[in-house]
**Student:** 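This structure is in structure tokens; I'll ask about it shortly.
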Protein chains: 2
Amino acid sequence: MTADRPLRADAQRNRARVLDAAERVFAERGTAASTEEVARAAGVGVGTVFRHFPTKEALLRALVLARLTRIAAEARAYAAAPDPGAAFFDFFAATVRGSASKLELLDALAESGVHPDETAAPVAAELTEAVAALLHRAQRAAAVRADVGVDDVVALLAGASRARRHTPDERPLTVILDGLRAPGAPGTP
Amino acid sequence: MTADRPLRADAQRNRARVLDAAERVFAERGTAASTEEVARAAGVGVGTVFRHFPTKEALLRALVLARLTRIAAEARAYAAAPDPGAAFFDFFAATVRGSASKLELLDALAESGVHPDETAAPVAAELTEAVAALLHRAQRAAAVRADVGVDDVVALLAGASRARRHTPDERPLTVILDGLRAPGAPGTP
DNA sequence: TTGAAAACGGAGTGGCCAGTCCGTATCGTC
DNA sequence: GACGATACGGACTGGCCACTCCGTTTTCAA
């Protein structure tokens with residue numbers, strides 16, 4: 001229970017800069033990029049990076065968390081759209097387009113033996129819930145096939161992102177979206 | 001033009017062992033596993049590993065090459081199946097099932113800034129050609145949608161493998177296969 | 001069988017990188 | 001404006017890991 005008093009103005013600014021720089025650097029140089037590179041890109045000393053994120057792993061974690069949070073928020077936003085089918089498919093497509101090279105952070109984490117922690121769990125739950133809402137509404141409207149679950153959708157999000165890293169082409173995404181459509185729905189004509 | 005005379009018996013044996021061990025070790029510990037770990041798993045000294053593969057990158061490359069070669073061979077084998085649609089879909093499914101955790105090697109390579117070299121090019125071409133044959137035959141038979149190209153199929157192979165790492169579930173694969181089917185063909189009923 | 005060529009093993013080396021430490025700079029409060 | 005608290009920068013350290021080197025072992029051809 002640390003009585004986390006608000007950060008000083010410069011500290012807040014630097015924390016944000018580091019997060020930003022880390023996202024950029026890791027996206028383009030891979031997660032093996034050194035912390036010093038991140039610090040340089042942020043215009044900050046390494047010490048500062050490590051003060052805010054005691055470990056490189058913590059930094060990675062924070063990035064993943066931020067991303068998951070953003071995606072969850074977007075999912076909730078799409079839930080407001082009138083057409084259940086469009087809401088689901090638009091969310092899916094937008095997420096894939098926006099995450100092509102970034103979702104891999106998640107995998108980077110998983111690969112390096114990082115176990116999900118208590119901080120991540122609620123966010124993950126939040127995401128799952130938001131996607132489930134979108135999915136189930138779309139399924140009730142017979143826009144999405146009934147036999148897929150939330151986990152399948154998440155797995156397909158990851159898969160579609162990976163496919164996109166292979167080609168900038170939209171075709172693979174289209175194929176996956178079509179595969180998700182319910183038999184009767186307009187899609188593959 | 002090195003006059004590569006045949007390897008001595010022990011050398012051949014060890015080379016194979018190293019390749020084997022490397023595949024296992026990198027698959028389960030990630031490509032960040034040290035060369036020494038690979039050597040130990042192969043029952044060999046590090047020196048031996050480096051004699052056969054002058055660089056860790058070269059070892060990774062060799063693994064990817066071997067895998068691509070195997071997949072290409074399998075693609076050619078499936079081309080012999082009577083039903084063009086089944087040939088394509090069975091090949092796709094088998095490759096994904098067999099490569100779930102292994103195709104990532106390819107990505108590991110790509111990520112660490114490894115540029116495709118002259119050795120890889122012919123094998124890649126071979127693979128592309130074999131897949132193209134399968135794909136086009138299936139498309140002519142109206143089993144696979146006409147608007148996807150070989151590159152899309154390869155991207156989707158990678159994507160499906162990634163999805164599979166997320167869930168052992170078959171559903172995501174099914175979704176992708178269904179997305180690939182031609183409109184009229186039997187698939188999503 | 002024997003000896004030269006080919007391989008082997010593994011201790012050693014150099015470089016890189018995560019993480020620390022502390023003297024200095026900045027902030028914010030009175 | 002002044003002082004304590006907070007944050008900063010970056011030189012430094014320890015450990016790990018790719019790769020080298022060479023004395024020893026194995027192969028194989030004659």
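Below, chain A is the first sequence line, B the second, and so on; all start at residue 1.
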**Student:** Is the positively charged end of R181(B) above the ring of F89(B), judged by distance under 6.0 angstrom from the centroid and angle within 45° of the axis?
**Tutor:** yes
**Student:** Taking side chain as C-beta onward, heavy atoms only, is R145(A) less than 4.5 Å from Q139(A)?
**Tutor:** no
**Student:** Just the rounded figure in Å: distance from P of dG15(C) to CD of E36(A).
**Tutor:**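 In whole Å, dG15(C) P and E36(A) CD are 16 Å from each other.
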**Student:** Base, backbone or nothing for each nucleotide of nucleotides 3-13 of chain C, written B, S, -, heavy atoms under 4.0 angstrom, 5' to 3'?
**Tutor:** --BBSBBBB--
**Student:** Ignoring hydrogens and angles, tell me if any N or O in the side chain of T95(A) forms a donor-acceptor pair with the backbone of F91(A) under 3.5 Å.
**Tutor:** yes
**Student:** Measure from CZ on F26(A) to P on dC17(C) and round the result to the nearest Å.
**Tutor:** 12 Å
**Student:** Given dC17(C), is OP1 or OP2 found less than 4.0 Å from the side-chain N or O atoms of T35(A)?
**Tutor:** no
**Student:** What is the distance, rounded to the nearest whole Å, between atom CD of E37(B) and atom C1' of dA18(D)?
**Tutor:** 14 Å
**Student:** Would you mind telling me which residue lines up with the more 5' stretch of DNA chain D, P54(B) or R13(B), judged by nearest nucleotide?
**Tutor:**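 Looking at the nearest nucleotide for each, P54(B) comes out on the 5' side.
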**Student:** Would you find a donor on one side and an acceptor on the other, under 3.5 Å apart, between the side chain of R137(A) and the backbone of A79(A)?
**Tutor:** yes
**Student:** Between P on dC17(C) and CD on E57(A), what's the gap in Å once rounded to a whole number?
**Tutor:**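 Rounded to whole Å, this separation is 19 Å.
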**Student:** Report yes if a side-chain nitrogen or oxygen of T55(B) is closer than 4.0 Å to either non-bridging phosphate oxygen (OP1 or OP2) of dC19(D); otherwise report no.
**Tutor:** yes
**Student:** Just do the salt bridge (Lys or Arg N to Asp or Glu O under 4.0 Å) check on R70(B) and E74(B) with the steps written out, would you?
**Tutor:** CA-CA 6 Å; R70(B) 245 174 288 159; E74(B) 209 161 312; over 6 Å; no
**Student:** Stepwise, does the salt bridge (Lys or Arg N to Asp or Glu O under 4.0 Å) test hold for E36(B) with R40(B)?
**Tutor:** CA-CA 6 Å; E36(B) 201 190 306; R40(B) 212 178 312 133; 3.5 Å; yes
**Student:** Atom NZ of K56(B) to atom C1' of dC16(D): distance rounded to whole Å?
**Tutor:** 12 Å
**Student:** Whole angstroms only, please: what is the CZ-C1' distance between F50(B) and dG14(C)?
**Tutor:**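 Between C1' of dG14(C) and CZ of F50(B): 14 Å.
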